[in-house]
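Structure, as structure tokens:
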Amino acid sequence: MSSSEISELVRQRQRKLQAIADLGVELYPRRWDFSHTLPQILERYASRTAEQLEAEKVTVRVAGRVMALRPHGKAGFAHLAGGGVRLQIYVRVDAVGERDFQLYKLLDLGDLLGVEGYLFRTRTGELTVHAERLQFLAKSLLPLPEKWHGLADVEIRYRQRYLDLMVNPEVREVFERRARLIRALRQFLESEGYLEVETPMMQPLAGGAMARPFVTHHNALNIDLYLRVAPELYLKRLIVGGLDRVFEINRNFRNEGISKQHNPEFTMLEFYQAYADYQDMMRLTERLLRHAAQAVLGSQEFDWCGHRLSLAEFQRLTMREAVIRYWPPAAGPAPSLGSLTQASELDRHIRAFNEWAAKQPGSPSLVNVRSDAAPGMKLQALFEAVAEEHLIQPTFVIDFPLEVSPLAKQKPDDPNFVERFELYIGGMEIANAFSELNDPVEQRDRFEYQQLLRQKGDLSAHAIDEDYIRALSYGMPPTGGEGIGIDRLAMLFTNSRTIRDVILFPLLRPEKRE
RNA sequence: GGGCCGGUAGCUCAAUCGGUAGAGCACUGCCCUUUUAAGGCAGGGGUUCUGGGUUCGAGUCCCAGCCGGCUCACCA
């Protein structure tokens with residue numbers, strides 16, 4: 001920053017910083033030996049009466065960021081913020097001395113301050129520290145956003161999350177809840193005998209999901225590596241190795257669009273359980289989510305974006321049933337179960353739906369799928385356009401088409417479908433799970449089919465992973481596996497309408513600076 | 001990447017049909033020893049996102065660009 005760019009407000013604060021130095025005060029001291037955090041003060045003393053406090057004369061040392069200043073001649077008040085709460089201090093010249101009172105008068109909103117004094121209640125009853133000593137801790141050279149509208153500009157909120165956290169208290173609560181959620185998931189899985197592991201984020205092949213990867217380069221080995229799109233294939237290698245229950249909570253990276261439900265890097269919980277199938281995983285998921293909701297919210301029910309969601313019941317629908325149930329009557333007669341497996345019938349349904357959707361106000365989702373795509377892909381595309389947004393209460397969508405599920409085991413009675421489910425809550429896909437395919441010969445066929453799609457230009461088609469086939473060839477037990485999108489779950493538990501509100505630093509285009 | 005909407009003081013927002021850029025908070029000075037959106041008096045602060053254009057005159061109209069939001073495409 002050149003001096004000509006420094007605003008008058010900053011210059012004023014620099015002058016005050018110099019004035020503080022002129023008082024003989026250290027500007028950036030090393031430490032402050034506090035006796036209580038601000039939340040501890042409130043916890044322990046909020047219930048004390050004025051008389052009790054006067055009798056006890058509790059001496060405390062606290063610290064916080066100055067968020068309000070109300071000087072009154074030779075005395076004054078301030079509010080310190082810290083730990084998500086505020087505590088008032090009262091400073092009077094005859095209690096702190098001339099030098100510390102001069103310091104008080106030089107404070108700006110945003111400065112960091114330590115205070116030693118005793119607790120009392122003001123005339124209006126507010127628990128307050130009667131200061132006997134002030135310790136300047138750091139200067140805020142830049143002015144804070146406004147005190148009661150807070151910071152509303154979403155771009156600044158995401159780019160300068162530190163400001164957002166300072167002035168918008170509910171933001172802190174969101175990330176505290178997110179942390180409680182992850183802790184609850186971890187606790188639950190550990191109590192079920194799962195081992196937490198970490199697998200590569202940089203992979204020579206980007207496998208385990210149908211998604212476009214980021215590419216990076218390792219100089220010493222002179223090889224390109226992919227940032228992982230999923231840990232799946234590594235976790236199942238561990239199942240082969242005899243780690244019968246494993247989980248990982250970590251970042252995935254997908255080089256695709258950004259939306260209210262998508263950030264290029266996002267946190268995924270994946271877990272695998274030997275000797276289990278997708279039905280077991282459904283039951284486990286219900287228990288896991290109820291446990292998490294109880295731990296984070298203290299309830300199975302919560303509000304989310306105008307809906308009252310309940311984890312008491314998890315509906316089960318096949319993908320085809322979901323299409324039929326949510327088919328808009330105005331688009332013509334609903335498809336039949338049988339018609340949703342035949343390419344020509346599917347094309348007819350897609351045309352009918354798109355014609356209907358194009359006439360709707362706004363711009364509703366259209367089914368967008370290549371005309372030469374496999375029937376299973378068309379069914380999935382139709383499902384997403386027709387049904388997804390209606391799946392507000394928890395719903396397991398089961399029986400996915402074979403063609404879109406290269407790593408899942410076929411249903412014994414219908415080889416066109418696999419033992420797979422996705423869990424939808426709030427119209428969002430929250431979880432994806434299946435009975436893991438463990439036949440190495442069949443797995444090779446599936447990979448080869450994906451290779452065909454890739455050659456036809458589908459950049460998200462799955463790559464062939466020879467070592468994974470080798471691992472399966474040593475024998476993998478029947479296994480249930482699942483991935484849960486932590487960010488989306490955090491959205492549900494924090495009543496957030498965009499994924500950016502539950503990611504501290506969501507990806508934005510970099511700021512242009514001269 | 002497409003469509004729609006937006007960008008004005010540090011922050012939150014106004015500005016009529018194209019006619020002198022405003023308010024609240026924040027800030028500066030003075031007064032004030034229990035206030036809390038403290039109060040009283042007096043002040044300062046603007047490249048209206050950037051660059052072009054139209055016009056006697058542009059925050060306002062036109063074009064291009066930058067950044068963001070919503071949405072579609074893509075995807076979880």
Side-chain angles (χ1 to χ4, degrees), chain A residues 5-13 15-16 50 67-79 86 88-96 101 108-110 120-126 128 130 140-159 163 167 208-212 229-230 252-268 270 357-358 362-369 380-381 384-385 388 422-424 428-432 458-460 483-489 497-500 506 508-514:
Chain A
E5 288 173 317
I6 299 175
S7 77
E8 181 54 31
L9 293 171
V10 174
R11 260 193 295 271
Q12 280 167 6
R13 284 170 180 241
R15 281 197 294 271
K16 287 202 214 174
M67 297 303 282
L69 284 166
R70 291 182 296 278
H72 291 257
K74 294 197 160 41
F77 292 89
H79 267 107
R86 288 180 178 218
Q88 182 169 261
I89 65 166
Y90 178 52
V91 182
R92 44 194 291 174
V93 62
D94 50 13
V96 299
F101 195 70
D108 280 305
L109 298 185
F120 77 114
R121 282 191 187 277
T122 62
R123 257 178 221 161
T124 54
E126 181 162 351
T128 302
H130 199 298
S140 176
L141 289 170
L142 295 170
L144 256 41
E146 200 232 23
K147 65 181 175 187
W148 64 78
H149 292 100
L151 180 65
D153 184 316
V154 290
E155 185 175 351
I156 299 175
R157 288 188 47 224
Y158 298 142
R159 288 195 195 280
L163 269 186
V167 302
M210 315 242 274
R212 296 176 67 175
V229 296
N252 289 346
F253 307 87
R254 298 190 184 176
N255 203 344
E256 283 159 355
I258 295 174
S259 78
K260 282 197 289 188
Q261 292 172 33
H262 301 85
N263 194 63
E265 54 179 310
F266 63 102
T267 302
M268 182 87 115
E270 285 204 11
S363 39
S365 289
L366 298 180
V367 184
N368 198 313
V369 67
Q380 178 171 257
E384 285 171 0
E388 188 165 358
E422 285 183 351
L423 172 63
Y424 286 83
M428 295 188 289
E429 183 190 333
I430 298 296
N432 177 22
D458 183 348
L459 295 169
S460 68
I484 294 182
I486 298 301
D487 312 274
R488 290 180 184 176
L489 201 52
R497 42 185 273 290
T498 158
I499 198 168
R500 292 176 164 195
L508 298 180
R509 209 178 287 272
E511 275 180 283
K512 274 246 168 88
R513 309 201 69 161
E514 288 148 49

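Quick note on labels: first sequence line is chain A, next is B, and so on, each numbered from 1.
With rounding to whole Å, A:N255 atom CG is found 14 Å from B:A76 atom C1'. Rounded to whole Å, the distance from CG on A:L508 to C1' on B:C66 is 14 Å. In this entry the distance linking NZ of A:K16 with P of B:G10 reads 17 Å, nearest Å. Going from atom NZ of A:K74 over to atom C1' of B:U33 covers 9 Å, rounded to whole Å. Rounded to an integer number of Å, the gap from CD of A:E256 to C1' of B:G1 is 14 Å. The separation between A:D153 atom CG and B:C67 atom P is 15 Å, rounded to whole Å. Between A:E388 atom CD and B:C72 atom C1' there is a gap of 14 Å when expressed in whole angstrom units. Distance CG (A:D108) to P (B:C27): 7 Å, rounded to an integer number of Å.
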Under-3.5 Å N/O pairs linking protein and nucleotides 38-44 of chain B:
from  : atom 1 : to     : atom 2 : distance (Å)
B:A38 : OP1    : A:K147 : NZ     : 2.3
B:A38 : OP2    : A:R70  : NH1    : 3.4
B:A38 : N6     : A:P71  : O      : 3.0
B:A38 : N1     : A:H72  : ND1    : 3.4

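For the C1' atom pair drawn from B:G59 and B:A26, the interatomic distance equals 23 Å after rounding to whole Å. Nucleotides B:A14 and B:G46 are separated by 15 Å at their C1' atoms, to the nearest Å. B:G65 and B:A23: their C1' atoms are spaced 32 Å apart (whole Å). Here, B:U60 and B:C49 have their C1' atoms 16 Å apart, quoted to the whole Å. Distance noted for atom P between B:U16 and B:A21: 13 Å (whole Å). Between the P atoms of B:U28 and B:C66, the separation comes to 39 Å (whole Å). Distance check on atom C1': B:C63 versus B:G19 gives 24 Å, rounded to whole Å. When the P atom is compared between B:G3 and B:G22, the two are found 38 Å apart, to the nearest whole Å.
By the 4.5 Å heavy-atom criterion applied to side chains, A:H79 and A:E126 are counted as neighbours. Annotation: side chain of A:Q380 is not in contact with side chain of A:V369 (no heavy-atom distance under 4.5 Å).
More than 12 heavy atoms of other shown residues, nucleotides or ligands fall within 6.0 angstrom of atom CZ in A:R159.
Nucleotide B:U54 is matched to nothing when pairs are restricted to Watson-Crick or G-U wobble geometry with both distances under 3.5 angstrom. Across all strands shown, the partner of B:G6 is B:C67, judged by Watson-Crick or G-U wobble contacts whose two distances both fall under 3.5 Å. With both pairing distances under 3.5 Å, B:G43 is matched to B:C27 as a Watson-Crick or G-U wobble pair.
For A:F77, the ring pair (Phe, Tyr, Trp, His ring centres under 6.0 Å) test picks out A:H72, A:Y90, with sequence neighbours left out.
How far CE of A:M268 is from CG of A:L489: 12.5 Å, rounded to the nearest 0.5 Å.
Between the side chain of A:E146 and the base of B:G24, a donor-acceptor pair under 3.5 Å is found. A:R92 contributes a side-chain N or O that forms a donor-acceptor pair with the base of B:U33 under 3.5 Å.
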Legend entry - Evaluation steps, side chain to side chain contact (heavy atoms under 4.5 Å, CB included), between A:E422 and A:N432: CA-CA 4 Å; A:E422 285 183 351; A:N432 177 22; 3.7 Å; yes
Inset, instruction - Tell me, with the steps shown, if A:F266 and A:R254 meet side chain to side chain contact (heavy atoms under 4.5 Å, CB included). - result: CA-CA 8 Å; A:F266 63 102; A:R254 298 190 184 176; 3.6 Å; yes
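For the OP1/OP2 pair of B:C70 and a distance below 4.0 Å, the side-chain nitrogens and oxygens of A:K260 include no atom meeting the criterion. Residue A:N252 places no side-chain N or O under 4.0 Å from the OP1 or OP2 atom of B:A76. Regarding contacts with the backbone of B:C67, a side-chain N or O of A:R509 is found under 4.0 angstrom from either OP1 or OP2. Considering only side-chain N and O atoms, A:R123 lies under 4.0 angstrom from the phosphate OP1 or OP2 of B:U35. OP1 or OP2 of B:G68 lies within a sub-4.0 Å distance of a side-chain N or O belonging to A:R159.
Comparing A:I499 and A:Y90 along RNA chain B, the residue whose closest nucleotide (by nearest heavy atom) sits nearer the 5' end is A:Y90. Nearest-nucleotide mapping onto RNA chain B: of A:H149 and A:R13, the residue sitting toward the 5' end is A:H149.
Among all heavy-atom pairs drawn from A:R92 and A:F101, the shortest one is C-CD1, 4.1 Å.
A salt bridge links A:R15 and A:E8; the closest N-O separation between the charged side-chain nitrogens and carboxylate oxygens is under 4.0 Å.
When the nucleotides B:A26, B:U33, B:U34 are ranked by their closest atom to the side chain of A:L109, B:A26 comes out on top.
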